Amino acid sequence: MRWRFPFASDPPMSDQRVPEGDWVVLRSALDRRVVTEAALVLAAMEIPHRTQWRDHVWTLLVPAHAVQRAEAELRSFEAENWRREGPAPMIHTFDRGWTGALVFLTIIWLLPNLEDWGTFGWNWRESGMMNAGLVQDGQWWRTFTALTLHADLGHIVGNSVFGAVFGVFAGRYLGSGFGWLLILLGGAAGNLANAFIQPAAFLSVGASTANFAALGLTGAFMWQRNRVEARSWKRNFAPLFAALALLAYTGVGGERTDALAHFTGFAAGVAAGLGASTFDIRRLGKSGQAIAGGLAVALLAYAWLRAGTVA
């Protein structure tokens, strides 16, 4: 069984010194624990070795003269410890996810104050709500601005809770910057699809479309990553099944609930998650995550600028 995984530079795990050119990569993996476990096996057999973080994966190296013996020991160990289902897939996490969630909460709780104060002389609700007829006529920015408006205290509290929970998971697995950029785009895409399905007189506000986009995004992303790594179809499908169950449980019901927007937001999130799963998000690094997060805020600010300045 070949392992793959990630980590940062480590000192040699053996005091024996071998010229750099004589070291051979024996194992590589995204999960440091896999390489560490293999290294412990070699240490127990007193085989010189070391680990390194190179090219976005952890590697286990041994001297060229010890390759055959080390390979034999690892194969023996793997055969003795083989599990039919294989190890649980390792999905890289980028941060705790709270940075993006806190920005989200700040924005949606700031908007009621801007609305009450009449900031810039704008009628924030009239200018920013999701008006299906106006969206169909080209006012695309309403698909973004409507995500930050809410009907009452209960509405904003509910969306705050669900948005923070779903957003934290998205931020953990896609990064707070990139994850929330996809959530915003997914929410806007869900509102856009809903606008062209509903009658022209349809009006709505609320972040729930983006919240369900976050749910679909995370479920689809983890499903695709599990499908590559895992051996059991049950394990593969579990994240997406959980997301669908949450959609069914929380996304329908209530006379003021726009269930269609929840489904279109979820579908947009699933599409974004499938697309994101084909990309190595680690390449973004911290600077890329910051740029993605800044782009999300800038896009929302521009949408509000258009909303407030259109007669």
Side-chain angles (χ1 to χ4, degrees), residues 100-164 166-167 180-214 251 254-269 272 292-311:
L102 289 174
V103 173
F104 160 75
L105 292 173
T106 298
I107 291 173
I108 67 170
W109 282 93
L110 175 64
L111 260 293
N113 293 299
L114 296 178
E115 187 179 354
D116 289 343
W117 298 334
T119 307
F120 305 132
W122 297 351
N123 184 331
W124 290 75
R125 184 163 299 268
E126 184 66 28
S127 299
M129 70 170 53
M130 226 284 289
N131 183 313
L134 294 179
V135 171
Q136 293 170 19
D137 288 340
Q139 294 190 15
W140 57 266
W141 51 86
R142 290 178 178 269
T143 63
F144 289 91
T145 55
L147 298 172
T148 62
L149 295 170
H150 291 85
D152 50 38
L153 181 61
H155 191 204
I156 193 172
V157 169
N159 277 334
S160 295
V161 173
F162 283 107
F166 297 161
W180 277 94
L181 175 60
L182 293 182
I183 291 171
L184 177 64
L185 293 174
N191 274 343
L192 182 64
N194 193 33
F196 280 89
I197 296 172
Q198 300 282 9
F202 179 79
L203 305 173
S204 70
V205 292
S208 57
T209 310
N211 293 347
F212 285 99
E255 57 185 54
R256 298 174 64 186
T257 299
D258 184 7
L260 183 57
H262 294 174
F263 280 96
T264 56
F266 182 84
L295 181 59
V297 174
L299 182 57
L300 187 59
Y302 178 69
W304 267 114
L305 181 63
R306 290 297 305 271
T309 55
V310 169

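The shown structure was predicted, so the numbers you read here are calculated from the model rather than taken from an experiment. Computation of the quantities below employed the complete heavy-atom set of this structure, encompassing side-chain atoms and omitting hydrogens, waters and symmetry-equivalent molecules.
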Exercise: identify the closest heavy-atom pair between Ala213 and Gly186:
CB-C, 3.7 Å

Working to the nearest 0.5 Å, report the span between CH2 of Trp117 and CG of Leu114.
6.5 Å

Partner residues of Ala188 under the side-chain contact (heavy atoms from CB on, under 4.5 Å) criterion, sequence neighbours left out
Thr143, Phe144

Which residues satisfy the ring pair (Phe, Tyr, Trp, His ring centres under 6.0 Å) test with Trp109, sequence neighbours excluded?
none

From CG (Leu181) to CG (Leu185), nearest 0.5 Å:
4.5 Å

For the side chain of Trp124 and the backbone of Thr119, is there at least one donor-acceptor N/O pair under 3.5 Å apart?
yes

side-chain contact (heavy atoms from CB on, under 4.5 Å) against Ile197, all qualifying residues, sequence neighbours excluded:
Leu260, Thr264

Between NE2 of His150 and CD1 of Ile108, what distance do you get to the nearest 0.5 Å?
4.5 Å

How far does CG of Leu147 sit from CZ of Phe104, to the nearest 0.5 angstrom?
9.0 Å

Which heavy atom of Gly167 sits nearest to which heavy atom of Ala214, and what is that distance?
N-CB, 4.4 Å

Give, for atom CE of Met130 and atom CD of Gln139, the distance between the pair rounded to the nearest 0.5 Å.
12.0 Å

Between CG of Asn159 and CG of Asn211, what distance do you get to the nearest 0.5 Å?
5.0 Å

Return the set of residues passing side-chain hydrogen bond (donor to acceptor under 3.5 Å, both in side chains) with Thr145 (not counting sequence neighbours), or none when no residue passes.
none

For residues 297-307, which side-chain donor-acceptor pairs fall under 3.5 Å, sequence neighbours excluded?
| residue | atom | partner | partner atom | Å |
| --- | --- | --- | --- | --- |
| Tyr302 | OH | Arg306 | NH1 | 3.4 |
| Trp304 | NE1 | Thr148 | OG1 | 3.1 |

Of all heavy-atom pairs between Ala195 and Ala132, which one has the smallest distance, and what is that distance?
O-CB, 3.6 Å

Side chains of residues 198-208: which donor-acceptor pairs under 3.5 Å do they make with residues two or more places apart or in other chains?
| residue | atom | partner | partner atom | Å |
| --- | --- | --- | --- | --- |
| Gln198 | NE2 | Asn194 | OD1 | 3.2 |
| Ser208 | OG | His262 | NE2 | 3.0 |

Are the side chain of Arg142 and the backbone N or O of Met129 linked by a donor-acceptor pair below 3.5 Å?
yes

